[in-house]
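Atoms within a ligand are numbered from 1 in the order they appear, just like the ligands themselves.
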Amino acid sequence: MKSGKFLTLGIETSCDETAASVVADGRFVMSNVISSQIDIHTRYGGVVPEIASRKHLERMNDVLDRALGDAGVKAQDIDLIGVTYGPGLVGALLIGVAAAKAMAYACDIPLIGVNHMHGHIAANYLEHHDLEPPFMALIVSGGHTEIVNVPGYNRCEKLGGTRDDAAGEAFDKVARVIGLGYPGGPKIDKAAKEGDPEAIAFKRVYLEPGSLDFSFSGLKTQALNYLNSEKQAGREIDVNDVAASFQEAVVEVIADKAVDAAVRHGRKRIVMAGGVASNSRLRYLMETKAGAKGIEVLKPSPVLCTDNGAMIASAAYYGYKAGGRTGLDLDAVPGLEF
Ligand code: KG4
Ligand code: ZN
């Protein structure tokens, strides 16, 4: 604790954001630099892994310098380095892991490899400074849709997940089909505000009774079938109505299952995480449905919902406090499980 506070540098490169952040005592964000590649990948309609790795390589050093500079600290002031080592794109992960290892070695700083999903959950510690486990977590992002029981800081028990597409993936695919472009989530969220969620009866997929799993791949087919039948009938398509109806079919199921999980496990709090946690309709439905059962819903602000280094720093801090350490032989694990 060279500065009186315990400073963790968090590094995140699992997908298309090159991000680094300095967090004090696992809770207080001192800097949060996120260099997004969205403009580049938009041209291709989705993330191109090879391009993502190359851009991470180009930007990593600058992002690290800015994260330290914005926090007003030097590399020697850092007490711990946390880096995402999975799940994610292997080439992208490797850039962050290599940068973290080089800095840890050069400056003799302890290193911790962080599971990206644990990072998303930890984003809530940065926003809600009094939050402590136990709680239920709902992680909804471009790659994941998971309901996770969190009994302690470093304990995560997955209760359910998607059997095919992740929620964000479904948003991105349907947005492409209806011509809203990439990334689809925020665009559908915006368009849906002008549309009628009951205009089109998209089927809600709950799977077997009591299941906390999800399935969203059929929604893209439903949307395509609807567009084709309207086209054949010579009717104009109201994109806002399609967006609102599709969004409702996704977020209603997510909210129902998350609240069900909390009730069944006696949890009084649900924390939301991941890019789709920014969805305004999901936030509203979660609050209404959980509120009716006396359950509190917490969520990070949008900048902490999507991928960032601060959430990785927070998760690393709690891992370190529990005695976790990672050697310089740390490798990327693209398919890392909970
Ligand atoms: O957590 P994230 O930044 O990256 C990972 O997947 O790890 O999440 C990105 C995903 C994208 O699929 C994006 O379309 C979705 O989150 N997203 C949203 C919203 N904002 C971002 N989906 C629905 N509504 C939003 N407002
Ligand atoms: Zn993520």
Side-chain angles (χ1 to χ4, degrees), residues 10-19 21 32 34-38 41-42 45-47 49 52 83-89 92-93 96 114-124 137-146 148 161-162 165-178 180-193 195 197 214 216 219-220 243-244 246-255 271-286 299-312 314-315 334-336 338:
I11 300 174
E12 156 62 39
T13 61
S14 67
C15 191
D16 60 344
E17 336 270 3
T18 317
S21 161
N32 193 14
I34 303 170
S35 174
S36 174
Q37 305 175 5
I38 252 175
H41 298 289
T42 298
V47 178
V83 62
T84 305
Y85 74 109
L89 303 168
L93 288 164
V114 174
N115 183 319
H116 181 79
M117 307 312 290
H118 294 192
H120 272 303
I121 294 172
N124 282 279
L138 169 67
I139 307 174
V140 272
S141 73
H144 293 268
T145 311
E146 264 140 21
V148 185
T162 183
D165 289 352
E169 203 176 349
F171 271 93
D172 293 338
K173 282 183 178 173
V174 169
R176 198 177 311 153
V177 164
I178 59 177
L180 285 176
Y182 172 86
K187 294 192 171 164
I188 288 192
D189 194 350
K190 191 161 172 246
K193 292 201 166 76
F214 300 94
F216 296 119
L219 273 166
K220 189 184 143 195
F246 157 78
Q247 175 176 274
E248 199 71 7
V250 174
V251 302
E252 204 170 85
V253 175
I254 295 176
V271 310
M272 292 170 70
V276 186
S278 288
N279 184 271
S280 56
R281 184 69 185 156
L282 177 60
R283 286 175 167 229
Y284 173 79
L285 280 187
M286 284 292 296
K299 61 237 159 184
S301 53
V303 70
L304 292 172
C305 274
T306 49
D307 293 351
N308 64 83
M311 68 185 199
I312 302 304
S314 179
L336 185 65
F338 259 97

Fill in: Test item: D172 side-chain N/O and G184 main-chain N/O as donor-acceptor pair under 3.5 Å
yes

Item to complete: Just let me know how T306 lines up against ligand 1, side chain, backbone, both or neither, with a heavy-atom cut-off below 4.0 Å.
Response: both

Worksheet item: Within the side chain of S141, is there an N or O that forms a donor-acceptor pair under 3.5 Å with the backbone of G143?
Response: yes

Discussion item. For the backbone of G96 and the side chain of T13, can you confirm whether one donor and one acceptor N or O come within less than 3.5 Å of each other?
Written reply: yes

Worksheet entry | Side chain E169, main chain A166, donor-acceptor under 3.5 Å | yes

Item to complete: Examine distances only and state if a side-chain atom of N279 and a backbone atom of V251 form a donor-acceptor pair shorter than 3.5 Å.
Response: no

Item to complete: Say whether, by atom type as modelled, one donor and one acceptor occur between the side chain of R281 and the main chain of Q247 under 3.5 angstrom.
Response: no

Worksheet, complete the sentence: From the list S301, P300, C305, P186, side chain to side chain contact (heavy atoms under 4.5 Å, CB included) partner of S278 resolves to C305

Worksheet entry | V276, portion touching ligand 1 at heavy-atom distance under 4.0 Å | both

Worksheet item: Hey, is H120 touching ligand 1 through its side chain, its backbone, both or neither, going by heavy atoms under 4.0 Å?
Response: side chain

Worksheet item: With atoms numbered from 1 as shown, which atoms in ligand 1 lie under 4.0 angstrom from a non-hydrogen atom of G168?
Response: 12 (O)

Worksheet entry | Distance filter under 4.0 Å to D172 heavy atoms, resulting ligand 1 atoms | 11 (C), 12 (O), 13 (C), 14 (O)

Worksheet item: Hey, which atoms in ligand 1 end up nearer than 4.0 Å to a heavy atom of G142?
Response: 5 (C), 6 (O), 8 (O), 9 (C), 10 (C), 12 (O)

Worksheet entry | Nearest protein heavy atom with distance in Å, relative to atom 24 (N) of ligand 1 | N279 ND2, 3.0 Å

Worksheet item: Would you say K190 touches ligand 1, if touching means a heavy atom closer than 4.0 Å?
Response: no

Worksheet item: Is a side-chain N or O of T145 found less than 3.5 angstrom from the main chain of A167, in a donor-acceptor match?
Response: yes

Practice prompt. Of all N, O or S atoms in D307, identify the one at the shortest distance from the Zn ion (ligand 2).
Written response: OD1

Worksheet item: So, the side chain of E12 versus the backbone of A19: is there a donor-acceptor pair under 3.5 Å, distance only?
Response: no

Worksheet item: Has C15 got an N/O/S atom less than 2.8 Å from the Zn ion (ligand 2)?
Response: no

Discussion item. Tell me whether D189 is salt-bridged to K193, with the criterion being a basic N under 4.0 Å from an acidic carboxylate O.
Written reply: yes

Worksheet item: Of the backbone atoms (N, CA, C, O) and the side-chain heavy atoms from C-beta on, which set of H116 has a member under 4.0 Å from an atom of ligand 1: side chain, backbone, both, or neither?
Response: side chain

Worksheet item: Looking only at N/O atoms, are G185 and ligand 1 under 3.5 Å apart anywhere?
Response: yes

Worksheet item: Can you list the ligand 1 atoms lying under 4.0 Å from a non-hydrogen atom of D307?
Response: 1 (O), 2 (P), 3 (O), 4 (O), 5 (C), 7 (O)

Response to the item:
One finds that the ligand 1 atoms under 4.0 Å from a non-hydrogen atom of G143 are 6 (O)

Practice prompt. Answer yes or no: does atom NZ of K220 have more than 12 heavy-atom neighbours from other residues, nucleotides or ligands under 6.0 Å?
Written response: no

Worksheet item: To which protein heavy atom is atom 26 (N) of ligand 1 closest, and what is the distance rounded to 0.1 Å?
Response: D189 OD2, 2.8 Å

Fill in: Any N or O of G275 closer than 3.5 Å to N or O of ligand 1
yes

Worksheet item: Does any N/O atom on S280 come nearer than 3.5 Å to any N/O atom on ligand 1?
Response: no

Worksheet entry | Centroid separation Y85 to H116 less than 6.0 Å | no

Worksheet item: Would you say P186 contacts ligand 1, with heavy atoms under 4.0 Å as the rule?
Response: yes

Worksheet item: Short check: any N/O/S atom of H144 below 2.8 Å from the Zn ion (ligand 2)?
Response: no

